[in-house]
Amino acid sequence: MHTSHPRLPGELTFMALVVLFSAFMLWASYNISRFDSLSSPGFFPMLCAATMLVTGLMSLVKTARSKLALEPNQTVFQQFVQKLAPLTLVLFTVLIVAYMLLLEVLGFIVASYLFLLLSMQVLGSKRFGLNLVISAVVLAAIFIVFQTAFSVVLPAGSLVGPYLPEFLK
């Protein structure tokens, strides 16, 4: 039985991006070892990327044929923001990107503490004082486990690192 669903705002763009990504991955996997033989290193990645490309094209065609369903009195952009990119998701994504960028500059301890603290705020916690404590306790536990149990060298940061005590580096 074939059931059709109405197309969501942004769904066609997403499917087009999936097809482009699949085509790129097929090209990249072809460049591993060309198509020399079935046992060549690039064969399995090419097979996966080709499968992804074919199924992506099938989904793109199906999505393009389906009718766009809009709520009354809403533009495509308004519905996209409301259903697929709410403010919380966008802010949390910005926090993750900022954390990645600040990790080397501020170091693991400062960047992670700020990330944990701000994440809880973005995700809806209203208890700022409790968030300060929870972030510190969780970060201390993570730091102890990674430094002691796993002996992982965590980035000290180019700005903060020179001023940290030796046991925190």
Side-chain angles (χ1 to χ4, degrees), residues 5-29 45 48-49 51-64 66-147 149-150 152-161 163-164 168-169:
H5 72 282
R7 185 174 71 204
L8 297 172
E11 188 174 3
L12 187 60
T13 303
F14 178 78
M15 288 313 307
L17 289 173
V18 166
V19 167
L20 288 173
F21 176 74
S22 301
F24 170 75
M25 293 308 294
L26 181 59
W27 173 77
S29 59
C48 292
T51 304
M52 207 164 72
L53 181 61
V54 169
T55 57
L57 284 168
M58 290 168 49
S59 295
L60 178 65
V61 169
K62 181 180 174 185
T63 302
S66 62
K67 184 173 169 56
L68 180 63
L70 287 177
E71 301 284 329
N73 302 326
Q74 279 190 329
T75 65
V76 173
F77 181 74
Q78 288 172 327
Q79 192 170 351
F80 175 80
V81 169
Q82 179 187 5
K83 289 189 175 187
L84 302 173
L87 182 60
T88 303
L89 177 65
V90 171
L91 288 175
F92 196 73
T93 304
V94 168
L95 276 176
I96 291 171
V97 170
Y99 176 66
M100 291 182 336
L101 295 174
L102 292 174
L103 197 56
E104 262 194 58
V105 176
L106 296 178
F108 176 79
I109 294 175
V110 175
S112 297
Y113 185 76
L114 290 173
F115 175 74
L116 288 170
L117 184 64
L118 294 173
S119 309
M120 286 189 267
Q121 293 297 125
V122 165
L123 294 174
S125 176
K126 304 292 183 215
R127 302 169 136 187
F128 188 71
L130 184 61
N131 292 350
L132 288 169
V133 174
I134 290 174
S135 295
V137 170
V138 168
L139 184 59
I142 291 170
F143 184 78
I144 290 168
V145 167
F146 276 86
Q147 282 287 94
F150 299 130
V152 174
V153 177
L154 300 169
S158 57
L159 282 179
V160 180
Y163 305 106
L164 286 175
L168 292 177
K169 292 183 182 178

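These numbers were taken from a predicted model, which means no experiment stands behind them. For this chain, numbers begin at 1 and follow the sequence in order.
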Of all heavy-atom pairs linking L123 and T88, the shortest is CD2-CG2, 4.0 Å
On a heavy-atom basis, the closest approach of Q78 and T75 is OE1-N, 2.8 Å
Output for pair (L117 CG, L139 CG), nearest 0.5 Å, gives 11.0 Å
Please walk me through it: do L154 and V152 pass side-chain contact (heavy atoms from CB on, under 4.5 Å)?
CA-CA 6 Å; L154 300 169; V152 174; 3.9 Å; yes
Sorted by chain and residue number, the side-chain hydrogen bond (donor to acceptor under 3.5 Å, both in side chains) partners of Y99 (sequence neighbours excluded) come out as S112
Identify every side-chain donor-acceptor pair in residues 9-16 under 3.5 Å, counting partners at least two apart or on other chains, and give the distances.
| residue | atom | partner | partner atom | Å |
| --- | --- | --- | --- | --- |
| E11 | OE1 | L8 | N | 2.9 |
| E11 | OE2 | H5 | NE2 | 3.0 |

| field | Residues M52, F21; criterion side-chain contact (heavy atoms from CB on, under 4.5 Å); working and verdict | value | CA-CA 9 Å; M52 207 164 72; F21 176 74; 3.8 Å; yes
d(L103 CG, F108 CZ) to nearest 0.5 Å is 7.5 Å
Please tell me if the side chains of F115 and L102 come closer than 4.5 Å, counting only heavy atoms from C-beta onward. no
Distance col, row C48:SG vs L53:CG, nearest 0.5 angstrom, shows 13.0 Å
Side chains of L87 and L89: closer than 4.5 Å at any heavy-atom pair? no
Sorted by chain and residue number, the side-chain contact (heavy atoms from CB on, under 4.5 Å) partners of V138 (sequence neighbours excluded) come out as L116, I134, I142
S125 meets the side-chain hydrogen bond (donor to acceptor under 3.5 Å, both in side chains) criterion, sequence neighbours left out, with N131
For F146, the ring pair (Phe, Tyr, Trp, His ring centres under 6.0 Å) test, sequence neighbours excluded, returns F150
Q. Okay, side chain of S135, backbone of L132: is any donor-acceptor separation there less than 3.5 Å?
A. no
side-chain contact (heavy atoms from CB on, under 4.5 Å) filter on E104, not counting sequence neighbours, yields none
Interatomic distance, CG@L95 vs CD@Q121, rounded to 0.5 Å, equals 10.5 Å
Correct closest heavy-atom pair for L101 and V105 would be O-CG2, 4.1 Å
Of all heavy-atom pairs linking Y113 and A136, the shortest is CE1-N, 3.5 Å
One should read off an interatomic distance between K62 NZ and S66 OG, to the nearest 0.5 angstrom, of 8.5 Å
